[in-house]
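What follows is a single structure, written as structure tokens, with notes after it.
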Amino acid sequence: LCFAPQFTSYDQTGLSLSIAGVTNPYYAISGNSSEFSEISTGTVAVAAKVSQAIYFGKPSQTGDQIKMRLQLNPTGLLALDLAGKYSVVTFLGDQQKEVFTLQQGLINNLNLLNLFKSGGIQTLTFDTTQTFDRVEIQVGSLVNASVIPAIRLYDVKRVNTTCPESSGVSPFTTPVCATELLDASN
């Protein structure tokens with residue numbers, strides 16, 4: 001039996017010169033592929049961190065994967081030194097278990113910056129080795145002042161061999177409306 005995310009919350013620390021936080025947090029777990037939450041430290045942040053937590057109803061199994069669809073705000077600036085400002089952290093209760101960089105979620109070590117500069121939504125997969133019941137997406141810089149682009153979080157899933165990622169039947173391989181060809185010409 002698969003367990004979808006149950007609820008979400010967010011937290012923020014530090015100083016920001018504009019509005020920081022998470023916009024529409026529930027959208028990250030709504031199941032609607034067009035909706036997203038946006039995690040932002042604001043325009044200029046000093047020792048700031050904003051995180052969105054995704055909670056699961058039961059602990060994962062050892063070896064579960066985390067799959068998330070995300071996009072860096074296309075209006076934001078992106079540079080090599082900013083790529084390390086984003087992390088994915090797993091927890092079991094209040095105990096931190098594993099920390100991943102976004103680069104670790106890529107398959108075949110693709111160039112993370114080029115993928116995000118394309119402006120498209122990316123799917124990242126993180127292979128976990130420890131049990132968890134919460135995933136946090138953290139954005140920020142704890143050391144100095146910086147401008148960090150917001151991240152749009154479309155979806156977070158927990159998948160494994162007994163609970164594979166599901167997808168619907170394609171209407172192109174199984175026609176549902178047409179049962180008879182009425183006319184054709186060239």
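A single hydrophobic cluster is seen to contain both Tyr10 and Val139, as judged by linkage of ILVMFWY side chains at heavy-atom distances under 4.5 Å, directly or through other members. Hydrophobic clustering of Ile, Leu, Val, Met, Phe, Trp and Tyr side chains at less than 4.5 Å, counting indirect connections, keeps Tyr26 apart from Phe7.
Atom OG of Ser87 is separated from atom CD1 of Ile137 by 9.0 Å, given to the nearest 0.5 angstrom. To the nearest 0.5 Å, atom OG1 of residue Thr125 and atom CD of residue Gln65 are 5.5 Å apart. For the atom pair Met68 CE and Ile151 CD1, the distance stands at 8.0 Å (nearest 0.5 Å). The CZ atom of Arg152 sits 13.5 Å away from the CD atom of Gln122 when rounded to the nearest 0.5 Å. We find the NZ-CD1 distance between Lys49 and Ile39 to be 12.0 Å, quoted to the nearest 0.5 Å. Considering OG of Ser60 and CD1 of Ile66, their distance stands at 8.0 Å, rounded to 0.5 Å.
A salt bridge (charged side-chain N to carboxylate O under 4.0 Å, His left out) check over residues 53-64, counting only residues at least two apart or in different chains, returns the pairs Asp64-Arg158. Applying the side-chain hydrogen bond (donor to acceptor under 3.5 Å, both in side chains) test to residues at least two apart or on different chains, the pairs with a partner in residues 89-99 are Gln95-Lys97, Glu98-Thr129.
Between Val135 and Phe91, every side-chain heavy-atom pair lies at or beyond the 4.5 Å cut-off. Looking at Asn32 and Tyr27, their side chains never come closer than 4.5 Å, going by heavy atoms from C-beta outward. Residues Lys157 and Pro5 have side chains not in contact (no heavy-atom distance under 4.5 Å, counting atoms from C-beta outward).
Aromatic ring centres of Phe100 and Phe126: separated by under 6.0 Å.
Pairing each heavy atom of Asp133 with each of Gly93, the nearest pair is OD1-N, 3.1 Å. When all heavy atoms are compared, the tightest approach of Arg134 to Ala53 is CD-CB, 3.9 Å. Smallest separation of non-hydrogen atoms from Tyr154 and Ser33: CD2-O, 3.6 Å.
Remark: the Gln52 side chain and the Ser37 side chain contain an N/O donor-acceptor pair separated by less than 3.5 Å. Counted by atom type alone, Tyr86 and Gln138 present zero donor-acceptor pairs between their side chains at under 3.5 Å. Judged purely by distance below 3.5 Å, without hydrogens or angles, the side chains of Glu35 and Ser30 pair a donor atom with an acceptor atom. For Ser9 and Tyr55, the side-chain atoms include at least one donor-acceptor pair closer than 3.5 Å.
Residue Val156 forms a side-chain contact (heavy atoms from CB on, under 4.5 Å) with just one option from Leu70, Ile54, Thr8, and that option is Ile54.
Remark: the backbone N or O of Pro59 is not paired with any side-chain donor or acceptor of Thr131 at under 3.5 angstrom.
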Which is it for Val88 and Val99 under the side-chain contact (heavy atoms from CB on, under 4.5 Å) test, yes or no, and what are the steps along the way? CA-CA 6 Å; Val88 175; Val99 179; over 6 Å; no
